[in-house]
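In what follows, a single structure is set out as structure tokens and then discussed.
Below, read A as the first sequence line, B as the second, and so on, with proteins coming before strands; counting in each chain starts at 1. The model shown is predicted, which means the values in this text are computed figures rather than measured ones.
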There are 2 protein chains.
Amino acid sequence: MKRPTIADIAQRAGVSKGAVSYALNGQPGVSEATRQRIVAIAREIGFNPNSAARALSGATAKAVGLTLCRPARILSIEPFFMGLISGFEAELAARSYALTLQVVATPEHEIEVYRRWWGERRVDGVFVSDLRENDVRIAVLQELQLPAVVIGGPGNTGTIAQIWSDDAGAVTEAVRYLVALGHRRIARVGGLPDLLHTQTRTRAFNEVCASLGIDNAVTVPSDYTGEEGGRATRRLLIGADRPTAIIFDNDVMAVAGLAVAQEMGLNVPADLSIVAWDDSPLCSLVHPPLTALSRDISEYGAHAARQLLAAVAGERVTNAEAGTAHLTPRGSTAPPRQP
Amino acid sequence: MKRPTIADIAQRAGVSKGAVSYALNGQPGVSEATRQRIVAIAREIGFNPNSAARALSGATAKAVGLTLCRPARILSIEPFFMGLISGFEAELAARSYALTLQVVATPEHEIEVYRRWWGERRVDGVFVSDLRENDVRIAVLQELQLPAVVIGGPGNTGTIAQIWSDDAGAVTEAVRYLVALGHRRIARVGGLPDLLHTQTRTRAFNEVCASLGIDNAVTVPSDYTGEEGGRATRRLLIGADRPTAIIFDNDVMAVAGLAVAQEMGLNVPADLSIVAWDDSPLCSLVHPPLTALSRDISEYGAHAARQLLAAVAGERVTNAEAGTAHLTPRGSTAPPRQP
DNA sequence: AGAACTTACTGAACCGGATAAGTGACGTGA
DNA sequence: TCACGTCACTTATCCGGTTCAGTAAGTTCT
């Protein structure tokens, strides 16, 4: 089956290719009557502009890219990225932008992919996640002048806009809540320590604990996987000064932590309170359902997509905070059992 | 920064554009010495062929598409698709193919996306998942002659190749195992009932139960979400003839079922054995860890990608079974408590 | 030695849109 | 009435690759 082109439409309408192009793109240069006739024909024969031809003649590729830099076994279970992608799509689909995905192994590999996408003119812009300190990707994106939006921050990203959620505010709320419940020994199982938002959370966690007189507030670094999260939890629970509450940096680790506590015969929440970060359906799935720091990840993604499309359109995009995760108390938090 | 083109290379090497194209594509028509000189220059200046130009001159778009037809709240937590995508990527990245993703709401919307992708020449082929009976998408793909691979089956897909895993064999193994443990009252919480592989599983489940003398083998239809899976489990557990074992069609529902059992004061596995389908990290995360029907979803995806790339290359691709999920016993299954 | 063939290229057309420049018809004002 | 401007187009060029049809050398065969 042959794809219809503007030449086909031009022939049918008895006009030139140029006229068809003007008509379909809402450009001046054709009369309203002709435009409507052309649009009607285009619809009738099911015309879709060849994206390659369009991209080649200097217009945009109508596609944006996302690289995922996590091992497959984490990606499959980590709900965050799929939520983000759903959010992207809501905005992208509405403007007929495609999303191009690539799973990469390392930030260096990621840079290669950016260079290739740029050289191939495959994407008009990219989403960048997992911002690090002095992130090497930023310089490359600026050198290529590839429009981008950084998801996570705030950090130093030069002219590239960022969008982040208020991690410090969220962790502060969680700690205050636990302290209000009567907890004095609070620990945290953190995400990958070299990610900027992990550092933000750690700093805020330490500050709020200090300000509330919680001295031995400890953060155990982890990597977002269930295995590591479970191990970290076990290490915390066999220590001398066992915490009565643990905040986890994602929900997968929180679920793993819950399983470890149960396996050790601890009652959640009586013996141990658990707070999860990011409130995917996972949190309400387990027993007891997990108290979580909820944020609308889909909306977070949609916001980022709007930013990126604006950047692609050449608008100046400013950094934005996408709101604070708020605490959703469920069955996994309670006052600590009196010793 | 200007993107280097073959014209730049041609000028540097003192040859014509055509020679450069032949050299870089491994076509005959240039001497080995010239080829190496050209390749060296291309590497030096960081040349990447403009994908739009390449696609426009009749070659392939070097991209394949995947549509995801599930609500965002399911996608975010369902590990299956991310596992599949990781598997795709392993093959696609090796051959510099891009993966274009689109989240859709309905099969009709999905068809629209296929038509648009085809018209735009955006993709060379597509992955099709969630095969239904008399699936409307198949006819459209055949009409468009858009190369495709169906993931799931077997079913009637005409000239379009399928790849599936042996669902019947897997459910048979699970039921035999439970019966060997001493279970006589076995239920199943199924996936979306109009999906072909759900029907395959249901048929096989009924058959093996009948052959083993399990009369009241019941399948409760569900939709792969934790909420529905939990509700279905609750309905089964409050019935008069409570099952002693339940097989779930995915791991998310199994985890939700476990939570429901625990919330009802039942001990897993003593009072209720649980078998999950698809063994994502989720299964070993909860307590007790779930016995699961494991299959290598990444490899499944990689296999599908190889098939699709072959189909894109014009090879005749035959249907293939990608292996049977095998039972991985963990802590959620045991002989039933004697009444 | 000359025809026939191979090798290693060159030049130009082509893909399907976007767009700048050109053109003829018509209306308008002095 | 004629210069001028505007409208509604047409024509031609461009984007950056691929590929087909030459073509000028060198090689082989008789």
* **A/T34 side-chain N/O to D/dA8 phosphate OP1/OP2 under 4.0 Å** => no
* Using modelled atom types only, decide if a donor and an acceptor are shared between the side chain of A/D124 and the backbone of A/K62 within a distance under 3.5 Å. => yes
* If you measure from the Lys or Arg side-chain nitrogens to the Asp or Glu carboxylate oxygens, is any gap between A/R3 and A/D8 under 4.0 Å? -> no
* If we ignore angles and hydrogens, is there a donor and acceptor under 3.5 Å between the side chains of A/T67 and A/E110? -> yes
* Structure fact -> When rounded to whole Å, the CD1 to C1' distance for the pair B/I38 and D/dG17 reads 14 Å
* **Exercise: do A/Q142 and A/T159 side chains pair donor with acceptor under 3.5 Å** => yes
* Structure fact -> Scoring nucleotides 10-23 of chain C by protein non-hydrogen atoms under 4.0 Å (B base, S sugar-phosphate only, - none) yields B----BBBBBB---
* Structure fact -> When rounded to whole Å, the CZ to P distance for the pair A/R122 and D/dG17 reads 13 Å
* **Donor-acceptor contact present, side-chain A/N25 to main-chain A/S21, <3.5 Å** => yes
* Looking at A/F88, A/Y300, A/W117, A/Y97, which hits ring-ring contact (aromatic ring centres under 6.0 Å, His included) with A/F127? -> A/F88
* Which angle, rounded to 10°, do you find between the first-five-pair axis and the last-five-pair axis of the helix from C/dA1-D/dT30 to C/dA30-D/dT1? -> 50°
* Whether over 12 other heavy atoms sit under 6.0 Å from B/E32 CD -> yes
* To do: Look only at the side chain of B/S51 and the backbone of A/E120, and say whether a donor-acceptor pair between them is shorter than 3.5 Å.
  => yes
